[in-house]
Each structure stands twice: as C-alpha cells, then as structure tokens.
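Note that ligands are numbered from 1 as they come in the structure, with each ligand's atoms numbered from 1 the same way. Because only heavy atoms are used, hydrogens play no part in the values below, and waters and symmetry mates are left out as well, while side chains stay in.
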Amino acid sequence: MNSQKTAFINYKGIRYPKGEMLNRSREFYQFLDKRRSVREFCDKKIPKEVINNIVMAASTAPSGAHKQPWTFCVVSDPALKQKIREAAEKEEYENYNGRMSEEWLEDLEPFGTDWQKPFLEIAPYLIIVFKKPYDLVNGQKHKNYYVNESVGIATGFLLTAIHNAGLVSLTHTPSPMNFLHDILDRPENERAFLVIPVGYPAMNATVPDLQRKTKEEVVVYYKEEKAEHGS
Ligand code: IYR
C-alpha cells in the first residue's frame with residue numbers, strides 16, 4: 001500500500017461581517033439568476049487567458065478523494081470545430097428522427113432545438129469536459145470515486161466562471177458522444193461528459209421566456225426542536 005501522509009495547514013476561510021454576508025449572498029444569487037443557456041453565439045474572439053482562468057476556476061472544485069477526475073479540452077481551431085459539429089449533427093439527426101421518445105421531443109419543444117448545431121462552429125471556444133473513471137499511472141489503473149458528482153460540480157464551477165467573465169455558454173449533450181474521444185485523441189481512461197460552447201451571445205440572440213422554480217418548490221426547511229444556543 002502506498003500510504004502517504006498529508007500535512008494539515010491552517011485554514012480560516014474568508015469571513016464577512018453579518019450585513020456584508022447578507023448582501024453578498026443576495027447579490028450572488030441575483031447575479032447567478034441572470035445566467036441563461038444560450039444557443040446563438042457570435043464569433044467574436046475571447047482572450048485565451050480568460051478561458052484558461054475559467055478552466056482553472058472549474059478545476060478548484062471538490063472531488064472524491066481529491067482525485068480531480070477531469071480533463072477540459074479547449075478547442076478553437078475551425079477545422080476541429082467543424083469536425084465536431086459534423087459528428088455531433090450526425091448523432092443528433094438520428095436522435096431527433098427516431099431515437100428520442102415522443103415525450104422527450106415534446107418536452108424539448110419550448111426550447112426550439114433540433115439536430116442542427118451551428119453554435120459548435122460559431123462559438124470561438126468549445127470546452128469539452130471529460131471524466132476519468134480511473135487514472136492510469138505507469139499503465140496501472142487507479143479507481144476514482146464519485147466521478148459523476150465530482151465532474152458535475154466542476155462543470156457547475158465552469159459555468160459560473162463563464163457567467164462571471166460576462167460570457168455565455170450552453171451545456172450541450174450530443175448523444176452518444178464517444179465520437180469526441182476519437183476526434184480529440186483522448187486516452188482510454190477518459191469519457192466525454194459535456195460539450196460547452198463559450199462566447200458572446202449573437203447580436204439578436206433570444207432565450208425562451210422560462211421561469212425558475214420558487215423557494216416553496218425547491219426548499220424544505222425543518223423546524224428546530226430547541227432554540228439554538230450560542231449562535
Ligand atoms: N442532445 C440534444 C437534445 C437535448 C436534450 C435535452 I434533456 C436538452 O435540455 C436539450 C437538448 C440536443 O442537444 O439538441
């Protein structure tokens with residue numbers, strides 16, 4: 001067994017006075033509430049350093065046993081984007097013409113999606129998130145833990161970082177997406193998880209007029225038996 005001891009270092013977190021805490025929590029909620037998934041991008045360039053910061057922000061996510069079981073593949077090459085679009089549309093054509101159930105197609109109607117995915121070429125960057133069910137160290141397999149949860153959280157951080165930079169994104173799920181493994185020449189221990197086009201919205205971009213669930217619909221508070229002491 002390879003049991004290495006990790007040293008513990010002091011950590012105080014970042015503290016705010018109560019009023020500031022309240023303001024920050026409200027403002028952050030209001031800020032995140034402005035995020036929308038966007039399907040119409042413009043091709044305006046974005047500095048690579050911004051993308052790098054966004055990806056590294058995602059990689060700060062917690063993960064099972066701190067294995068960080070993810071790889072973020074960043075694609076801006078037009079030829080590669082075209083290849084990805086063509087392969088994705090081939091799968092999506094099949095999905096929209098027989099592979100998806102009537103109920104699913106009906107559920108998607110409000111979003112106006114179809115098999116065509118022009119955003120895969122128009123957005124200046126595609127970030128393809130890969131998950132790693134196991135690590136390969138000198139040809140040996142080392143299992144990772146809670147991989148979907150970990151990579152899901154990292155993707156949440158990624159979307160938040162994109163929004164924070166004043167950019168927009170889409171969580172795109174061509175299905176099946178194993179074609180990405182081959183096109184991007186990934187190692188055997190990686191599986192495509194999500195495709196995330198990143199950019200500015202198109203000049204006349206629109207999004208569906210959706211409502212988010214209310215507090216009553218998403219939160220359950222449990223009454224305290226006794227008043228809390230010393231808080
Ligand atoms: N992957 C398809 C279908 C699709 C599925 C869901 I669930 C969505 O929320 C949106 C689309 C596509 O990308 O069109």
Heavy-atom pair of closest approach, residues P197 and A123: CB-CB, 3.7 Å
Polar contact flag, side-chain donor to acceptor under 3.5 angstrom, N95-E92: yes
Salt bridge flag under 4.0 Å for residues E190 and R186: yes
Polar contact flag, side-chain donor to acceptor under 3.5 angstrom, Y134-E188: yes
If you look at each N/O of ligand 1, which protein N/O atoms lie under 3.5 Å away, and at what distance?
residue, atom, partner, partner atom, Å
ligand 1, 1 (N), E92, OE1, 3.0
ligand 1, 1 (N), T173, O, 2.9
ligand 1, 1 (N), T173, OG1, 3.3
ligand 1, 13 (O), E92, OE1, 3.3
ligand 1, 13 (O), K117, NZ, 3.3
ligand 1, 13 (O), H172, ND1, 3.2
ligand 1, 14 (O), E92, OE1, 3.1
ligand 1, 14 (O), Y96, OH, 2.5
ligand 1, 14 (O), K117, NZ, 2.5

ring-ring contact (aromatic ring centres under 6.0 Å, His included) contacts in which one or both residues fall within residues 166-196, not counting sequence neighbours: F119-H172
Approximate separation, where rounding is to 0.5 Å, of I153 CD1 and L158 CG: 13.5 Å
